[in-house]
Amino acid sequence: MSTPTALDFPITFHLPQLANLLPMKFHPETDRLMRESRWWAHRHLGFAYAHDAARIDKNVDGTLLVSLSVPHADYELALTTAKVMNYLIGIENSLVDMAGLGGSSFATRNVFGRFMSDLLGWGDGSTPLREDFTWLRNRMPPARWTRFVSYMEDFAHGFTTELENWRRAGISDYDTYMSDRRHSLGVRWLFGFAEEGVPGVALSQEIFRDPDMIAIHDTAIDGYTLINDLVSYRKELVMDDRVNLVYYLSEHEGLDLEGAMNKICGLIDETERKFVDLRERITAGPFGREPGLRPYLDEVGHVMTSNLWWAGVSKRYEPAGLGWDGSAPGTMTFHRDRAVFVPDPPAGGG
């Protein structure tokens, strides 16, 4: 079955209710974070948006994604996380322009090379984050800092590998795609901020080598990936960006748009249940008494589901936010410039 094209708008289909087993929480100082992030972005990120103030304003709501990902971080750490997020969103937006940065793997590697050099304190300050990275490096215990650097290195390598090796080729199979996205989607580095941000966390290096601990982090990224492909699909359809599971499910499993979207919803619920099961197993296991373990895993859960809640308040995917967050089933209509969601009437016709 062929997938829809931009010529098929408007497109209408039905979405189910999600299980939504994990809670949603904003950082208590979200408004202040937004004000300071906007000021910082206008000062430092003009290069990524051709110095277009409206585009900067539109994209600075990456801070809201941070607010939903690390709601228990202290204010200074949350602001640093927001700066990193907004810088990386600016780079990511530039990389989809094949006539610009996205058309050169050498330039892309140079961008991430400068980013990593400033992170490690070996750069020339060519990013606006060098002082923040120095502050973070001095704040984190050595083992935690080493983990955080490895998360960032993993993302830098994964993103450039996607750009160079498989983005244009598309998705070959589900398992490979999900495995690749664990590295190319900018999620894993948020775990470093989650570990630093939750009060009282003092986890050993041994626990991070535990198979269940490895699995729960990968599962969180899998859940984020599935949500991402669902909430970003309309925008990517307009852009003809085919790195999305909806295309794969249509072309390889013969599903129409409603079937593909509903299958992804089922996978989101399945992945969320797997996360909850792993969390319970880890906290009941040999590392269960490590300080702050359960609150840290809860924060990882916030990272996992953050993109779902963010889609409802961000302009990244929809001009007025996506009207569906899984709390109710209903009918979604994709137009070229917006998505409109109408919830099903209450059971019993009330």
Side-chain angles (χ1 to χ4, degrees), residues 19-29 65-82 84-85 119-120 132-133 135-155 158 178-179 182-183 185-225 270-307:
N20 284 347
L21 300 176
L22 299 175
M24 182 269 280
K25 181 179 175 63
F26 280 101
H27 192 281
E29 295 192 81
L65 180 59
V66 167
S67 173
L68 290 158
S69 297
V70 288
H72 297 97
D74 61 83
Y75 180 78
E76 291 302 325
L77 185 69
L79 181 60
T80 299
T81 315
V84 174
M85 176 67 77
L119 175 68
L120 295 170
D132 298 282
F133 287 151
W135 173 79
L136 196 63
R137 187 166 59 250
N138 291 333
R139 168 178 166 147
M140 285 187 175
R144 186 176 296 172
W145 173 252
T146 299
R147 266 192 300 278
F148 177 68
V149 170
S150 72
Y151 295 157
M152 282 296 193
E153 181 77 8
D154 178 80
F155 170 59
M178 296 300 287
S179 177
R182 290 173 181 173
H183 309 287
L185 203 59
V187 181
R188 194 176 299 274
W189 60 267
L190 283 166
F191 301 150
F193 283 110
E195 185 185 356
E196 178 66 18
V198 177
V201 173
L203 302 177
S204 67
Q205 295 190 64
E206 287 74 22
I207 191 174
F208 286 96
R209 293 192 285 266
D210 178 73
D212 283 343
M213 194 70 161
I214 294 170
I216 200 170
H217 288 89
D218 286 346
T219 299
I221 301 175
D222 291 348
Y224 189 103
T225 298
E270 178 184 311
T271 304
E272 197 172 36
R273 285 192 295 270
K274 180 180 178 182
F275 179 91
V276 170
D277 290 344
L278 282 165
R279 184 182 61 186
E280 297 310 309
R281 194 158 73 216
I282 292 168
T283 54
F287 297 101
R289 292 184 174 274
E290 294 216 356
L293 174 59
R294 176 59 188 258
Y296 168 70
L297 294 178
D298 288 346
E299 203 82 342
V300 172
H302 284 298
V303 173
M304 175 179 176
T305 60
S306 58
N307 206 14

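What you see below is based on every heavy atom in this structure, not just the backbone, and it leaves out hydrogens, waters and symmetry mates.
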**Study point:** V149: partners by side-chain contact (heavy atoms from CB on, under 4.5 Å), with sequence neighbours left out
**Key:** M116, L119, L120, W145
Study note, to complete from the structure: When L190, I221, V66 are each screened for side-chain contact (heavy atoms from CB on, under 4.5 Å) with V303, the one that passes is L190
Check your understanding: Rounded to the nearest 0.5 Å, how far apart are NE2 of H217 and CZ of F208?
Key -> 5.5 Å
Point to revise | Qualifying salt bridge (Lys or Arg N to Asp or Glu O under 4.0 Å) pairs, either residue in residues 283-304, two or more places apart | key: R279-D298, E280-R294, R294-D298
**Study point:** Contact summary for R188 and R182, nearest pair of heavy atoms
**Key:** NH2-O, 3.5 Å
Review point. Do V300 and F275 have side-chain heavy atoms sitting under 4.5 Å apart?
Key: yes
Revision key, fill the gap. Separation between CG (D277) and CG (L21), nearest 0.5 Å, reads 9.5 Å
Exercise for review: State the CG-CD1 distance between L278 and I214, to the nearest 0.5 angstrom.
Suggested key: 11.5 Å
Point to revise | Nearest atoms (heavy-atom pairs only) where P23 meets T305 | key: O-OG1, 4.2 Å
Point to revise | Stepwise side chain to side chain contact (heavy atoms under 4.5 Å, CB included) check, M85 with F193 | key: CA-CA 11 Å; M85 176 67 77; F193 283 110; over 6 Å; no
Review point. Would a 4.5 Å heavy-atom cut-off, applied to side chains only, mark V70 and L77 as touching?
Key: no
Study note, to complete from the structure: M213 and Y296 have their tightest heavy-atom pair at CE-CE2, 3.7 Å
Review point. Any idea which heavy atoms bring S69 and H302 closest together, and the distance?
Key: O-CB, 3.6 Å
Exercise for review: Could you walk me through whether K25 and H72 pass the side chain to side chain contact (heavy atoms under 4.5 Å, CB included) test, one step at a time?
Suggested key: CA-CA 9 Å; K25 181 179 175 63; H72 297 97; 3.6 Å; yes
Check your understanding: Between atom CG of L136 and atom CZ of R144, what is the distance when rounded to the nearest 0.5 Å?
Key -> 10.5 Å
Review point. Is there side-chain contact between E272 and M304, with heavy atoms separated by less than 4.5 Å?
Key: yes
Check your understanding: Taking the side chain as C-beta and beyond, is there a heavy-atom pair between V276 and L22 under 4.5 Å?
Key -> yes
Point to revise | Working for side chain to side chain contact (heavy atoms under 4.5 Å, CB included), residues I207 and L293 | key: CA-CA 10 Å; I207 191 174; L293 174 59; 3.6 Å; yes
**Study point:** Shortest non-hydrogen contact between F191 and A220, atoms and distance
**Key:** CZ-CB, 4.0 Å
Point to revise | Non-hydrogen side-chain atoms of Y224 and T271 separated by less than 4.5 Å | key: no
Review point. Between S67 and F26, what is the shortest heavy-atom contact and its length?
Key: OG-CD2, 3.5 Å
Exercise for review: With rounding to the nearest 0.5 Å, note down the distance linking CD1 in I282 to CZ in F287.
Suggested key: 10.0 Å
Exercise for review: With rounding to the nearest 0.5 Å, note down the distance linking CD in E196 to OG1 in T80.
Suggested key: 10.0 Å
Review point. Are R273 and E270 within salt-bridge range, i.e. N to O under 4.0 Å?
Key: no
Exercise for review: Before giving the answer on side chain to side chain contact (heavy atoms under 4.5 Å, CB included), spell out for M152 and V84 the whole-Å C-alpha distance, their side-chain angles and the decisive distance to 0.1 Å.
Suggested key: CA-CA 11 Å; M152 282 296 193; V84 174; 3.6 Å; yes
Point to revise | Counterpart residues, ring pair (Phe, Tyr, Trp, His ring centres under 6.0 Å), relative to Y151 (two or more places apart) | key: none
